[in-house]
Amino acid sequence: MALTKQIMGTSLMDKKTSVFGSNLCLNHVSLNKQHRLRLRKTRKNGSMVVAAISEDLVRLVRVEKPVTFKVRAVLTVRNKSKEDFKDTIFRKIDALTDQIGWNVVIQLFSNDIDPKTRAPRKSNEAVLKDWSKKSNVKTERVNYTADIMVDSDFGIPGAITISNKHQKEFFLETITIEGFACGPVHFPCNSWVQSIKDLPNPRIFFTNQPYLPDETPAGLKSLRYQELKDLRGDGTGVRKLSDRIYDYDVYNDLGNPDRGNDFVRPTLGGDKLPYPRRCRTGRVPSDTDITAESRVEKPFPMYVPRDEQFEESKANAFSTGRLRAVLHNLLPSMVTSISKKNDFKGFSQIDSLYSEGLFLKLGLQDDLLKKLPLPNLVTRLHESSQGGGLLKYDLPKILSKDKFAWLRDDEFARQTIAGVNPVSIEKLKVFPPMSQLDPDKYGPQESALREEHIVGYLDGMTVQQAIEENKLFIIDYHDIYLPFLDRINALDGRKAYATRTIFYLNPSGTLKPVAIELSLPQALPGSESNRVLTPPSDATSNWMWQLAKAHVCSNDAGAHQLVHHFLRTHAATEPFILAAHRQLSAMHPIYKLLDPHMRYTLEINQLARQNLINADGVIEQCFTPGRYCMEISAAAYKNWRFDLEGLPADLIRRGMAIPDPSKPHGLKLVIEDYPYASDGLMIWEAIQNWVKTYVNHYYPDSAQVCNDRELQAWYAESINVGHADLRHKDWWPTLASADDLTSVLTTLIWLASAQHAALNFGQYPYGGYIPNRPPLMRRLLPDQNDPEYLSFHDDPQKYFLSALPSLLQSTKYMAVVDTLSTHSPDEEYIGERQQTDTWSGDAEIVEAFYSFSAEIQRIEKEIEKRNSDTSLKNRCGAGVLPYELLAPSSEPGATCRGVPNSISI
């Protein structure tokens, strides 16, 4: 018996106790190698014989059956923060029917194949316990348990399926299986589990152990394939809100032709107007235009896959509920309360928006406004004794340290490198600047700027000397705006130029504007199409200069919002997110890496299509280009290049940095005190090092990258389908090595996190004071021959204010950008992620992520230190705002700092 025990590794008598021993996570009880040799058949005299002792043992092995034992599953379910009447009814029904068999059923799947069935080895089905008892628990999270019976030869669990037979969906955060000798097995879920009446197939969840496709355990291969198949769908049908299908479509839902010609908008995406693809909804065409998708108007929701919708936790209800409330309730109230023709009477009236508030007439439908989640951190609505409400805006940060900073040229220039749009400025390479537009259509390609305009501001240098010494810079919106100006200026109450602004770099490291060129399309004979202004020397030229700067800021606000912000972050990343869900299994290591950087992006983009960038939406109402806004965005996409979207490549392309291996990050900044670039490079390098460590861990050689079919399918689909209109461009990076993959992933994470943060969260702090950054202009500069020149001459302040957005346009814009600049309390910042210890089953990678988090914290301290360095005049000085847009963490609210992991607002 002792020998038997030695050979078998256990005795029959000890079998019960050894079930929970160290062999439980093995495929079967393995025999000691020495004794396996003793059992081996040998040849003697041409016949097969076996050692005598082995016959009983072999018989024993054959007759032994696996022992069944029990493991425990703990499912963490997050309750909804607010229940409507329908939810309450369904919850009570589910509590009753759960007791008669309409319950939640789970089944565990092994990594191994069952040798008898050649199918994945699986446990018996088990039912969640105590659902009805816990149905009234009001805590944010509730733990449910189930006892699962498995055989001793079950092996390592790799997947679990869930069938929800209730009426109501539930949000499943995690599953933990306890009872296996290998320790707890973790399943990160973070997903809505639909009722089988909506999604009949069981939901599949995998453990936190990552596997490349070729390394997938045999028992999980079919489940891995099935889960991806479910997520892709078949490309047909109208999507229901409960669906989980990811697919592509063009932007053919921005207009609403059924409402009339004023609401017709061209399709973005295709040969005529190339654009990235968006998430397909499958809605039927409009009645009047078969190429346009029918609209779902607010407040009804548009489709995004269920798990992409904003979570309904208490914390998240703040930011999303507030945004919807502003769009659906507040803006209509403002329209009824404020005359469209009301101009600001004076700067004091603008100031009163922050001190006294804006009176609104509140109807019955606006009682909701009084209950909005609008804490003191952000815009407040106060009841008024006059029966309405006072909408009081927070003081924008631009006014917090120096109320008159916006008037100064040095602040106008500083914001080009440390404001909300620090990515338009370029080193001046050719003077006069040249247009790339067709001269037959748009006139001479050469700018009207001449050396005599600026040489007096260059500290004794010629223009050529200043260019060679990297002293001259330009923000050039000529080619972006000029093709649209005739149409824009024909719109009621919209006036625009195509602007160029030249800046000189002072010896102190600050910039100053030295010339502004204002261009219009080819003018009539005898009139000027180009106008050049230089810094003022008297009262009249001072007001002209202020108007010219306002037009530059209006150009900048449009390019920032339509090109740098929406196109280059929101729209350009959406195809990569769609492809990741369609082609990368949840157990793929690259999916696990990207997961926190994809959170909520599809939902916020859907919200933008419904309310912000749609026909007569907030963007069209509040920005100079009006109905042509998204056509400008599409025109810019023709020059978009993914290979230049990473920070170092973008800085080099704009001439703002020179490759220099001896410098930190391998670059020498042309303007040393360039806060966006200097802080951004620290974050870029931290992301790059983290991604490189991660990628090299899973792809030690290039062949593995090339042979990873899921990875290659993801990248190919992102380009060929998601960016189909640019798929033939030769600048797309290859994906043939670990370095290639590191570069692509670093760029995507940079765009989703730091780049978006730098462009988004300063919108209200800088743009909430309209004169600093008017999103639209309503008057051109008066010419001495114009009848209105006299009114300008007599009251230049009144003329200036009448050129800015109206009171209604301004306050609507302020309400929206305040909301878009606000962090929610549950924001997940760079260096953080859900289930920090268990998001990956790879301990080495979890440890590497903690190192990345520590580096992000170090960067934050370095940014604080820089903001206190008086030698850095673009971020520290009397009345100068510190540059915090790339400071990684933030409190909730419109704080002008904080780098969330993803594009979530």
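Small disclaimer: the values here were computed from a predicted structure and weren't measured.
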Would you say the side chains of R414 and N874 form a donor-acceptor pair under 3.5 Å? no
Exceeds 12 heavy-atom contacts within 6.0 angstrom, atom CD of E672: no
Can you name the closest pair of heavy atoms from G493 and L776 and give their distance? O-CD1, 4.4 Å
Can you confirm whether the side chains of S889 and E860 place a donor and an acceptor under 3.5 Å from each other? yes
Do the side-chain N and O atoms of T601 and S902 include a donor-acceptor pair separated by under 3.5 angstrom? no
Mark yes when over 12 heavy atoms from residues, nucleotides or ligands other than K401 sit less than 6.0 Å from its NZ; otherwise mark no. yes
Would you say the side chains of D538 and S541 form a donor-acceptor pair under 3.5 Å? yes
What do you reckon, are the aromatic ring centroids of Y813 and F623 less than 6.0 Å apart? yes
Would you indicate whether the side-chain heavy atoms of M814 and L353 approach each other to under 4.5 Å? yes
How about S753 and Y829: does a side-chain donor come under 3.5 Å of a side-chain acceptor? no
If you draw the axis of the six-membered ring of F473, does the NZ or CZ of K427 fall within 45° of it and under 6.0 Å from the ring centre? no
S424 vs Y477, test: side-chain hydrogen bond (donor to acceptor under 3.5 Å, both in side chains). Steps then yes/no. CA-CA 9 Å; S424 284; Y477 292 130; 2.8 Å; yes
Answer yes or no: are there more than 12 heavy-atom neighbours, outside K512 itself, under 6.0 Å from its atom NZ? yes
I'd like to know whether F347 forms a ring pair (Phe, Tyr, Trp, His ring centres under 6.0 Å) with W406, so could you lay out the CA-CA distance, the side-chain angles of the two residues, the decisive distance to 0.1 Å, and finally the verdict. CA-CA 13 Å; F347 288 102; W406 68 276; 5.8 Å; yes
Regarding N421 and Y766, is there a side-chain donor-to-acceptor distance under 3.5 Å anywhere? no
Going by atom types alone, do E645 and Q755 pair a side-chain donor with an acceptor below 3.5 Å? no
Donor-acceptor pair between D343 and S802 side chains, under 3.5 angstrom: no
CD/E862: more than 12 non-hydrogen atoms of other groups inside 6.0 Å: yes
So with a 6.0 Å cut-off around NZ of K663, is the heavy-atom count from everything else above 12? no
